[in-house]
Amino acid sequence: MHVSTTCLISSGAVSGPGLTPNRALFNTHLAIDYSGPHDLALLFIVLAIGVIVGQEPSNALREHFYQISGATISLKPILEQPSTVTIQALHLTSIYNAMGGNDLKSKTSMEMTWSLVTLVAYLFQTVYCDCACWGLTPKMVQRRCMLFWDLFIMDVWLHSKLTRITHLPSFSLDYIDCSYPMYGANTEPSSSFETWFFWFMAECVAEVAAHTLTTEVPSFATIIELDPKVHDFPLPEGFPTSPEDTVLLYIHCSFFAQAIIKHPINLLKSACALSFLAAY
């Protein structure tokens with residue numbers, strides 16, 4: 001039923017009063033056609049996530065929206081000239097699965113999330129280049145930059161969380177020149193939390209993941225070398241909390257555990273005492 005209903009909506013066979021004037025209005029001002037099936041998929045996956053985080057979550061309703069989103073995105077091949085909307089819809093679908101997906105008890109939700117993020121990363125490779133030189137409108141440049149760095153953050157966090165060599169990061173900073181999105185008139189990375197967080201993930205967390213999630217267990221010397229890079233990373237004034245503490249706990253957790261196992265009475269006697277002090 002979801003598929004048949006969606007086909008009618010996306011094809012334009014089902015329309016309501018005022019739909020055509022509104023669409024024409026948007027097309028006149030933005031010169032973008034939002035009538036495709038992937039646009040509808042994006043709308044319904046946003047609604048599905050909205051139900052999850054809403055004040056009155058409904059499993060049936062979010063599943064309903066999710067099924068409609070999946071049905072509409074399948075009406076057009078995602079590998080054939082994917083648009084920014086296609087990327088957004090798939091990216092939000094990965095977030096939906098990470099938040100619980102269509103089965104809160106499923107053991108494959110994170111695996112599905114990783115698969116979707118990897119797929120989206122490869123579909124969105126054109127955004128690696130600075131799209132401002134392509135003659136796009138400032139609004140579209142901003143939108144593409146925000147989307148790229150959102151994907152970058154998702155990729156790095158998943159790589160760090162899953163901690164398996166089979167889940168390799170999809171992005172390499174050596175091949176990226178996409179600018180950070182701007183929030184306000186100030187273009188400095190530390191001018192807003194959003195931009196600072198992109199900067200922190202790119203310059204700090206991505207390096208931590210590259211040195212710790214390898215086939216060989218990182219040495220304690222490597223951990224000690226990474227510690228000041230995280231601990232001393234500049235934090236804008238007025239920020240009450242920092243993700244730096246979470247990253248420090250992550251890189252020290254293994255040697256913190258070794259300190260407890262080998263010297264349970266006095267952890268300061270352990271060669272890994274610095275990891276104990278950093279984590280504690």
Side-chain angles (χ1 to χ4, degrees), residues 1-27 29-30 32-79 81-106 108-121 123-124 127 139-140 142-155 157-158 181 194:
M1 181 177 181
H2 293 169
V3 176
S4 60
T5 303
T6 302
C7 291
L8 290 173
I9 296 174
S10 62
S11 65
V14 176
S15 60
L19 178 60
T20 302
N22 286 341
R23 180 181 296 175
L25 178 63
F26 281 119
N27 290 341
H29 288 282
L30 302 180
I32 299 176
D33 183 11
Y34 288 109
S35 62
H38 291 180
D39 303 284
L40 198 59
L42 175 60
L43 170 63
F44 278 103
I45 195 62
V46 169
L47 294 176
I49 294 176
V51 173
I52 293 179
V53 300
Q55 296 181 351
E56 298 180 0
S58 170
N59 291 339
L61 185 58
R62 68 177 175 83
E63 176 66 11
H64 179 71
F65 289 147
Y66 173 74
Q67 292 293 340
I68 295 179
S69 177
T72 51
I73 204 168
S74 64
L75 295 177
K76 179 182 177 181
I78 61 174
L79 299 179
Q81 297 181 337
S83 65
T84 305
V85 172
T86 306
I87 304 301
Q88 286 179 296
L90 292 172
H91 179 39
L92 288 179
T93 302
S94 72
I95 294 176
Y96 175 86
N97 279 276
M99 297 174 69
N102 54 356
D103 185 359
L104 294 175
K105 298 181 180 179
S106 175
T108 61
S109 290
M110 291 308 299
E111 294 292 338
M112 177 66 75
T113 298
W114 177 263
S115 298
L116 285 169
V117 170
T118 303
L119 172 63
V120 172
L123 290 177
F124 207 29
V127 186
K139 181 177 180 179
M140 183 56 66
Q142 175 81 346
R143 180 179 177 185
R144 290 167 70 91
C145 289
M146 290 175 63
L147 182 54
F148 171 76
W149 286 109
D150 278 339
L151 283 170
F152 182 89
I153 289 177
M154 189 74 167
D155 180 68
W157 273 132
L158 282 175
E194 293 87 353

In terms of side-chain heavy atoms, does Ser115 have a donor or acceptor partner in Thr118 at a distance below 3.5 Å? no
Under 4.5 Å between any side-chain heavy atoms of Val53 and Met99, yes or no? yes
If I compare all heavy atoms of Thr93 with all of Ala89, which pair ends up nearest, and what's the gap? OG1-O, 2.7 Å
Starting from the C-alpha separation in whole Å, work towards a yes-or-no answer on side-chain contact (heavy atoms from CB on, under 4.5 Å) for Tyr66 and Ile45. CA-CA 6 Å; Tyr66 173 74; Ile45 195 62; 3.8 Å; yes
Give, for atom CE of Met112 and atom CG of Asn97, the distance between the pair rounded to the nearest 0.5 Å. 6.0 Å
Which label fits Phe148 and Phe152: parallel for a plane angle under 30°, tilted from 30 to 60°, or perpendicular past 60°? tilted
Mind listing the closest non-hydrogen atom pair of Leu90 and Leu119 along with its distance? CD1-CD2, 4.5 Å
As an exercise, state the distance from NZ of Lys76 to CG of Leu40, rounded to the nearest 0.5 Å. 13.0 Å
CG-NE2 distance between Leu147 and His91, expressed to the nearest 0.5 angstrom: 6.5 Å
Rounded to the nearest 0.5 Å, the NE2 atom of His38 sits from the OG atom of Ser69 at a distance of 9.5 Å
Got Ile87 and Leu151 here, is their nearest side-chain heavy-atom distance under 4.5 Å? yes
How close do Ser74 and Ala71 get, heavy atom to heavy atom, and via which atoms? OG-O, 2.6 Å
Scanning both residues in full, the closest heavy-atom pair of Gly70 with Ile73 reads O-CG2, 3.4 Å
I want to check something: taking the side chain as every heavy atom from C-beta on, are Thr113 and Met154 in contact at a cut-off of under 4.5 Å? yes
What heavy-atom pair brings Ile49 and Ile95 nearest, and what distance separates the two atoms? CD1-CG2, 4.3 Å
Got a second to check how far Leu123's CG is from Thr84's OG1, nearest 0.5 Å? 11.5 Å
Shortest non-hydrogen contact between Pro37 and Leu75, atoms and distance: CB-CB, 3.9 Å
Assess whether side-chain contact (heavy atoms from CB on, under 4.5 Å) is satisfied between Leu43 and Thr72, documenting all intermediate values. CA-CA 10 Å; Leu43 170 63; Thr72 51; over 6 Å; no
In this structure, CZ of Phe124 is separated from OG1 of Thr86 (nearest 0.5 Å) by 10.5 Å
